[in-house]
Number of protein chains: 2
Amino acid sequence: MTQSVQRALRVMEVLVAKAPRAVLGDIAKAAGLTPSTTYRIVQTLVQEGYATAEEGGYYQPGSRILSLAGQMVTAMDYSTYARAAMLELQEHTPETIHFGVLSGDQAHYVDKLEGRRPYRLASVVGMSLKLHCTAIGKAILAHLPPGRIAELTAPDRLVAHTRKTITDPERMATELERIRAQGFCIDDEEDRDGVRCIGAPVFDHHGQVFGGLSVSAPTMQFTLQDAISLAPVLIAAAESTSAALGAPRNRGND
Amino acid sequence: MTQSVQRALRVMEVLVAKAPRAVLGDIAKAAGLTPSTTYRIVQTLVQEGYATAEEGGYYQPGSRILSLAGQMVTAMDYSTYARAAMLELQEHTPETIHFGVLSGDQAHYVDKLEGRRPYRLASVVGMSLKLHCTAIGKAILAHLPPGRIAELTAPDRLVAHTRKTITDPERMATELERIRAQGFCIDDEEDRDGVRCIGAPVFDHHGQVFGGLSVSAPTMQFTLQDAISLAPVLIAAAESTSAALGAPRNRGND
DNA sequence: CCTCGTTATTTCGCATTGTGAAACGACATT
DNA sequence: AATGTCGTTTCACAATGCGAAATAACGAGG
């Protein structure tokens, strides 16, 4: 609608995507704008704290973005919805529990409950998750509208992260089918070697998929059987979160 | 510079500030814009994923903001700068270590190292910190330019969080003076009851204050003496982080 | 069921504002 | 010193964003 705003947002996205080394020309090209327009927009972003100009002509995304996100997480408090369910889930497993929400064509963590284990997973709240190779991601992907699924499972989107990542659209279609049938989803070292997860989808008040809960652990301590045996409690936790978000009941039969 | 972009950013900020219940009229008033302009901007934000329109006429900040912040944390990886120092610091204390960076008129966590203790602090990466009542915050505040300090320590900014929060500008001025002299800073239940922290500032390559490191723990297990005795190693960790960020040497004598 | 008041949305004419070509300047490279 | 590249500034034009006012949608009260 408002052209210059659209352009500015696009510039901001490019800035983040190319961080931490974005130079004006590249930004302009990536955003499909003329240098002068890009320059003006970037200046505005800098002035407002959404970008910073580093020496050497590099531009970086500004901390204001982090600041907004921080406030937002606090204010919206997505995690309150999942918190109770996560704590309950923690009674059933000593492993790390994550809550992630969908955001554009990826998901990201909004809450995490550390496992009662000596090791720690290298994850932080805010970290983004690919939809095609993570437990939360695939759980979400499986419940997206068919059109979006098609987009997101195009061959060039299925980037391999490990040897086990599903990169074939057909296999992915089968996988998503199974996820819908089972109600949960396994990530068997598809995102990171040595990490196995089980995930289940969470729905919002429109009945649309909103995010997912997952339990993750090193493969050595967390066999496929261990993971699968958690499915019932995980699904229960996910459903209780959906309920807290006001999701309509008994999805899957309608 | 670019009016409509400035306005859009302002609208986005208002949206976050008023989350999760912002109605068009309020947004317009808070942003100082006419309803029609606000409407157009909000529509643009919605279309781009920076806002969502909820039923009942409520607008909420969109998950795209979180998504950008998530990518940004990953891409910029502020935490790499502090990681080594934090791990080193962890050798000297079993308590929780935080790294926070300045962002506008607050700070927020970008990394956290869980303490080797049975309890956990309710903090997550991304969480925002007030500058006037947290260890990292005050460490930063003390090293801001005098003008900013004046702004940020105006009586109405010094909001009490606990009985011990410093709300008197004069006392705050003295406190900041001491922080500059000592090189570290104590938060003695000023932000949360039962939590005591020690913090030290981190500087960037311009020599400007960039963030801070802190060690936090429940007061019962972490006396004032315990905290103060950590000062040397904490300061060393902060200085090593500053060095990693390319900060000029021997600050404080010039 | 109608009326009035409030608030969101749309329309529309105007000129402010954003735009991009082109000029300029700062650097680096040869 | 000459040439090329890239960031920055200028400027004339009109497209774009603007806000007043009209309209629609909704709710509360009678």
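Residue numbering restarts at 1 for every chain, and letters A, B, ... go by the order of the sequence lines. Since we're looking at a predicted model, the values are computed, not measured.
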Does OP1 or OP2 of [N] have a side-chain N or O of [X] closer than 4.0 Å?
X	N	result
A:Gln3	C:dT19	yes
A:Ser36	C:dA22	no
A:Arg7	C:dG18	no
A:Ser4	D:dG17	yes
A:Arg40	D:dT10	no

When the axes are fitted on five pairs at both termini, how much does the helix from C:dT17-D:dA14 to C:dT30-D:dA1 curve, in 10° steps?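 Both end axes considered, the difference amounts to 0°.
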If you look at every strand shown and take non-hydrogen atoms under 4.0 Å, does A:Gly57 touch a base, only sugar-phosphate, or nothing?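 Result for A:Gly57 = nothing.
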How would you label the contact of B:Tyr59 with the nucleic acid (heavy atoms, under 4.0 Å): base, sugar-phosphate, or nothing?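 Since only primed, P, OP1 and OP2 atoms lie under 4.0 Å of B:Tyr59, the category is sugar-phosphate.
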Among D:dG7, D:dG17, D:dT9, the one nearest A:Tyr39 by side-chain distance: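 When the side chain of A:Tyr39 is considered, D:dT9 is the closest of D:dG7, D:dG17, D:dT9.
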Which nucleotide in the set C:dA8, D:dT8, D:dA20 lies at the smallest distance from any side-chain heavy atom of B:Val23?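 Minimum distance to the B:Val23 side chain belongs to C:dA8.
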Taking side chain to side chain donor-acceptor pair (under 3.5 Å) as the definition, give me every residue that meets it alongside A:Thr38, ordered by chain and number, with sequence neighbours left out.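 With neighbours one apart ignored, the set is empty.
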Identify, with sequence neighbours excluded, every residue that meets side chain to side chain contact (heavy atoms under 4.5 Å, CB included) alongside A:Arg180.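 So A:Arg180 forms a side chain to side chain contact (heavy atoms under 4.5 Å, CB included) with A:Ala142, A:His143, A:Ile149, A:Leu176, A:Glu177.
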Assess the residue pair B:His108 and B:His98 against the criterion (ring-ring contact (aromatic ring centres under 6.0 Å, His included)); give the C-alpha distance rounded to whole Å, side-chain angles, the decisive distance to 0.1 Å, and a yes or no. CA-CA 10 Å; B:His108 57 267; B:His98 282 115; over 10 Å; no
Taking the same atom, P, in C:dT16 and in C:dC12, what whole-Å distance lies between them?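 Looking at atom P only, C:dT16 and C:dC12 are 22 Å apart.
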